[in-house]
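As the structure lists them, so they are numbered: ligands from 1, and atoms in each ligand from 1.
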Amino acid sequence: MGKVHDCIDERLRAFIAHQHVFFVATAPTGPDGRVNLSPKGIDGSFAVLDDHTVAWVDLTASGAETIAHLRDNGRITVMFCAFDGPPNVVRLHGHGRFVTLYDDGFAELVSRFPETRGARAVVVVDVERVSDSCGYGVPLMDYVGERHLLPEYMERKGAEGQAAYRRQKNRTSIDGLPAFDMDPKPSPTPL
Ligand SMILES: Cc1cc2nc3c(=O)[nH]c(=O)nc-3n(C[C@H](O)[C@H](O)[C@H](O)COP(=O)(O)O)c2cc1C
């Protein structure tokens, strides 16, 4: 399928930088679990760290499938496709890890990104296979603009509101695997 590249070279970096959305696929170990596919790509939330490493800001949201599957086995595929310009589909296969807002190194890592509202983690992927393919079947579409709804929604909640939301919605995957369960218990309200 397509062409395999040694690394994320300058041409691929430029292609990736031009895209407004990308897709992330992960799966739990074993024959039965549900495979996840999430759209990502709020502008300023993705970076190529070096020619075999990429990262993005993982926002507090209604699910935490990617983190759950990374905890389980680390396998991940990231896909970009051209909705304008020359056709192309780029896939990055690799293993991912994540650094949460409670971990050492988070502040330094997240400072690379201009959009961090609602961040619960940064996902870092060690890319083991870089490939592209024709993209002839992907339709041409015009980019109209970002929906800022998710970062703005999380910003309105504030840090404690986001933690409460994650305690409610992000602790396990839809299959019941441990996901984002790192938030400390809320401090008791004074009498
Ligand atoms: C167009 C679009 C872009 C998105 N961009 C991001 C993003 O950049 N980072 C992010 O964490 N979630 C983003 N989301 C939300 C994710 O799709 C997803 O709901 C959330 O990140 C939880 O992902 P997970 O279940 O894969 O862990 C976006 C959703 C849409 C529809």
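To the nearest 0.5 angstrom, R91 atom CZ is 12.5 Å from F80 atom CZ.
For ligand 1, the atoms lying closer than 4.0 Å to a non-hydrogen atom of N36 are 26 (O). Close contacts between ligand 1 and S38 involve ligand atoms 23 (O), 24 (P), 25 (O), 26 (O) [criterion: under 4.0 Å to a heavy atom]. For ligand 1, the atoms lying closer than 4.0 Å to a non-hydrogen atom of D58 are 11 (O). Set against the non-hydrogen atoms of L59, the atoms of ligand 1 under 4.0 Å away are 9 (N), 10 (C), 11 (O). Listed by number with element, the atoms of ligand 1 under 4.0 Å from a non-hydrogen atom of V57 are 9 (N), 10 (C), 11 (O). Interface atoms of ligand 1 facing E65, defined by a heavy-atom separation under 4.0 Å, are 24 (P), 25 (O), 27 (O).
Ion pairing of D103 with R97 is absent here, as no side-chain N (NZ or NE/NH1/NH2) approaches a carboxylate O to less than 4.0 Å. The pair D132-R11 counts as a salt bridge, with a side-chain nitrogen and a carboxylate oxygen less than 4.0 angstrom apart.
Protein heavy atom in closest approach to atom 19 (O) of ligand 1: A61 CB, 4.0 Å. When only non-hydrogen protein atoms are considered, atom 22 (C) of ligand 1 lies nearest to G63 O, 3.3 Å. In this structure, the protein non-hydrogen atom closest to atom 1 (C) of ligand 1 is V21 CG2, 4.2 Å. Scanning all protein heavy atoms for the shortest distance to atom 7 (C) of ligand 1 gives G41 N, 3.5 Å. Taking atom 12 (N) of ligand 1 as the reference point, the nearest protein heavy-atom neighbour is K40 CD, 3.8 Å.
Heavy atoms of E146 found under 4.0 angstrom from ligand 1: none, in either backbone or side chain.
A single hydrophobic cluster is seen to contain both L150 and F180, as judged by linkage of ILVMFWY side chains at heavy-atom distances under 4.5 Å, directly or through other members.
The minimum heavy-atom distance linking C81 with V89 is given by the pair CB-CG2, 3.9 Å. Smallest separation of non-hydrogen atoms from T29 and D72: N-OD2, 2.6 Å.
The option from S173, A68, G118, P39 that lies nearest to atom 16 (C) of ligand 1, judged by heavy atoms, is P39.
Not close to ligand 1: E115, with no non-hydrogen atom less than 4.0 angstrom away. Every heavy atom of S62 sits 4.0 Å or more from the atoms of ligand 1.
Exactly one of Q162, R117, H148 qualifies for a side chain to side chain donor-acceptor pair (under 3.5 Å) with E155. That residue is R117.
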Derivation of the salt bridge (charged side-chain N to carboxylate O under 4.0 Å, His left out) call for R120 and D58: CA-CA 6 Å; R120 64 187 172 196; D58 185 50; 2.6 Å; yes
From CA spacing to verdict: salt bridge (charged side-chain N to carboxylate O under 4.0 Å, His left out), E160, R167: CA-CA 10 Å; E160 187 42 47; R167 282 187 212 104; 3.3 Å; yes
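Under a 3.5 Å cut-off, the side chain of T53 and the backbone N or O of D50 do not form any donor-acceptor pair.
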